[in-house]
Amino acid sequence: MGILEGKKGLILGLANNKSIAWGVAQACHKQGAELGFNYLGEQLEKRVRPLAEQVGATLIESMDVGEDAEMDAFFAKVEEKWGKMDFLIHSIAFANKDALRNPFSQASRQDFQLALDISAYSFIACAQRAAGIMNDGGSMVTMTYLGAERAIPGYGMMGVAKAALEASTRYLADDLGHSRGIRVNAVSAGPIRTLAASAVGDFKQLMAKSARGSMLGRNVSQEEVGNTTAYLVSDLASGVSGEVHYVDAGFHVGAGDPGE
Ligand code: NAD
């Protein structure tokens with residue numbers, strides 16, 4: 001019997017079969033969860049729907065997390081379809097490419113607001129709606145990166161957004177833990193080649209450095225991030241909340257890249 005048997009959960013942020021959300025979806029499906037997904041626009045629906053169907057999704061609906069009305073409509077559909085739910089996985093981020101490529105000191109107010117809105121506030125916006133229909137003792141997980149606490153070349157604006165996301169994780173955990181017994185955690189994944197990652201400058205070099213500097217001497221897979229996320233939303237992690245859990249083959253606690 002899987003560790004998520006009998007649980008219903010939303011996975012937000014599936015774009016294609018390279019997405020971290022796809023690794024999470026496969027792991028949660030393997031562990032027996034019933035899953036629901038969003039997609040961003042018709043273009044992505046064509047990719048998301050067949051993948052979601054492969055893991056037996058019972059809910060596949062459109063939602064742009066930049067729009068409150070779309071979020072309200074999406075969560076109303078979740079409630080209508082499922083009644084209650086048990087877990088939420090937020091795997092969404094966005095920043096203008098230029099905001100990551102230009103010198104950080106030149107950041108515009110508009111680029112800052114967009115990156116923080118879609119990559120950090122959206123977790124709070126999803127959490128507040130999901131909590132309303134979540135069983136007590138439910139669980140939420142978001143995806144973050146080491147650039148939240150270190151200045152990683154090419155990550156700039158997204159690092160600031162991830163710092164806000166990690167702080168939001170702790171405050172959500174405190175709020176929803178006390179009021180509802182809901183656990184909230186973040187998974188800090190090592191670099192994985194995805195659509196979103198292609199916006200990060202010198203990503204190839206970042207991956208090579210991460211592999212060399214990690215304790216396992218390699219990068220991590222979507223599957224590994226997915227398995228850890230499945231554990232975090234399961235009852236096996238019932239005592240874990242407010243945590244940033246690294247799935248980076250030990251890179252963040254290592255001595256760094258020996259090639260440097
Ligand atoms: P991805 O491109 O597959 O996923 C990003 C998702 O965000 C896409 O599905 C996209 O549709 C969605 N999205 C963007 N704007 C949206 C909006 N307004 N409304 C709804 N959805 C929106 O890339 P990924 O790498 O799988 O990214 C998933 C998460 O993992 C992100 O938070 C990313 O920062 C994080 N992360 C990625 C890496 C990596 O190396 N790939 C490492 C650590 C953390």
Side-chain angles (χ1 to χ4, degrees), residues 2 4-17 19-94 114 117-143 165 168-169 172 175-176 179-185 195-196 226 229-230 232-234:
L4 296 176
E5 210 73 53
K7 291 192 191 293
K8 291 191 184 81
L10 288 175
I11 299 182
L12 307 178
L14 179 61
N16 56 37
N17 64 359
S19 294
I20 287 179
W22 181 232
V24 176
Q26 289 173 297
C28 291
H29 175 62
K30 210 186 277 177
Q31 295 301 332
E34 179 177 341
L35 299 174
F37 295 84
N38 81 312
Y39 55 85
L40 178 63
E42 275 174 30
Q43 269 310 99
L44 281 183
E45 180 181 6
K46 285 185 212 138
R47 289 181 187 275
V48 171
R49 196 167 282 283
L51 290 172
E53 283 169 358
Q54 265 185 53
V55 291
T58 52
L59 189 142
I60 310 165
E61 298 288 345
S62 168
M63 176 173 65
D64 179 340
V65 296
E67 302 290 335
D68 283 339
E70 281 198 27
M71 298 192 72
D72 290 340
F74 177 84
F75 280 93
K77 283 179 193 154
V78 177
E79 184 171 19
E80 196 184 317
K81 181 88 188 174
W82 284 354
K84 293 278 187 183
M85 58 180 276
D86 301 287
F87 64 87
L88 169 81
I89 290 151
H90 172 273
S91 187
I92 290 174
F94 185 80
L114 180 63
D117 184 23
I118 303 301
S119 314
Y121 177 72
S122 74
F123 185 41
I124 304 170
C126 290
Q128 65 193 211
R129 289 168 174 83
I133 52 172
M134 194 169 266
N135 288 313
D136 286 357
S139 177
M140 304 181 181
V141 169
T142 188
M143 295 297 156
L165 181 68
S168 301
T169 299
L172 284 170
D175 178 358
L176 297 174
S179 57
R180 300 282 312 286
I182 292 173
R183 300 181 296 104
V184 186
N185 292 289
L195 201 61
T229 305
L232 277 174
V233 295
S234 82

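Everything quoted here is computed from the prediction, not taken from an experiment.
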Closest approach of Cys28 and Leu35, non-hydrogen atoms and distance?
CB-CD2, 3.9 Å
Any chance you could measure Asp72, atom CG, to Met63, atom CE, to the nearest 0.5 Å?
10.5 Å
Closest approach of Ile133 and Phe75, non-hydrogen atoms and distance?
CD1-O, 4.1 Å
Looking at CG of Leu44 and OH of Tyr39, how far apart are the two atoms once the value is rounded to the nearest 0.5 Å?
10.5 Å
Given 3.5 Å as the limit, does a donor-acceptor pair link the side chain of Glu70 with the main chain of Asp64, or not?
yes
Checking the side chain of Arg180 only, and the main-chain atoms of Met134 only, is there a donor and an acceptor separated by less than 3.5 Å?
yes
Go through the steps for Phe87 and Ile182 under the test side-chain contact (heavy atoms from CB on, under 4.5 Å), then give the verdict.
CA-CA 9 Å; Phe87 64 87; Ile182 292 173; over 6 Å; no
Any side-chain heavy-atom pair from Leu195 and Asn16 closer than 4.5 angstrom?
yes
Out of curiosity, His29 NE2 to Gln54 CD, how far, rounded to the nearest 0.5 Å?
9.0 Å
Between Val78 and Glu61, is there a side-chain heavy-atom distance shorter than 4.5 Å?
no
Is there a side-chain contact (heavy atoms from CB on, under 4.5 Å) between Phe74 and Leu59? Walk through the geometry before answering.
CA-CA 10 Å; Phe74 177 84; Leu59 189 142; 4.2 Å; yes
Can a donor-acceptor pair be found, under 3.5 Å and without considering hydrogens, that links the side chain of Asp117 to the backbone of Ser122?
no
Side-chain contact test, heavy atoms from C-beta onward, threshold under 4.5 Å: evaluate it for Leu176 versus Met140 and give yes or no.
yes
With a 6.0 Å cut-off (strictly less than), is the heavy-atom count around CZ of Arg49, excluding the residue itself, greater than 12?
yes
Any sub-3.5 Å donor-acceptor pair from Glu79's side-chain atoms to Ala76's backbone N or O?
no
So does Val141 get a backbone contact from the side chain of Asn185, meaning a donor-acceptor N/O pair under 3.5 Å?
no
Minimal non-hydrogen separation, Leu12 against Cys126, with atom names
CD1-SG, 3.6 Å
Compare every heavy atom of Ser168 with every heavy atom of Ile124, then report the nearest pair and how far apart it is.
CD1-OG, 3.7 Å
Ignoring hydrogens and geometry, is there a side-chain-to-backbone donor-acceptor pair from Ser119 to Phe94 under 3.5 Å?
yes
Please indicate whether Lys84 has more than 12 foreign heavy atoms, meaning atoms of other residues, nucleotides or ligands, lying under 6.0 Å from its NZ.
yes
Between Arg47 (side chain) and Gln43 (backbone), is there a donor-acceptor pair under 3.5 Å?
no
Working for side-chain contact (heavy atoms from CB on, under 4.5 Å), residues Trp22 and Leu14
CA-CA 6 Å; Trp22 181 232; Leu14 179 61; 3.7 Å; yes
Side chain proximity check, Met143 to Thr229, heavy atoms < 4.5 angstrom
yes
What's the spacing between Asp86 CG and Asp136 CG if we round to 0.5 Å?
11.0 Å
Phe37 and Leu51: CA distance, side-chain angles, deciding distance, side-chain contact (heavy atoms from CB on, under 4.5 Å) verdict
CA-CA 10 Å; Phe37 295 84; Leu51 290 172; over 6 Å; no
First locate atom CD of Glu45, then atom CG of Asn38, and finally report the distance between them rounded to the nearest 0.5 Å.
11.0 Å
Specify the closest pair of heavy atoms between Ala125 and Arg129, including all atoms of both residues, with the distance to one decimal.
O-NH1, 3.0 Å
At their closest point, which heavy atom of Gly13 faces which heavy atom of Ser19, and how far apart are they?
O-OG, 4.1 Å
Rounded distance (nearest 0.5 Å) linking atom OG of Ser139 with atom CD1 of Ile89
8.0 Å
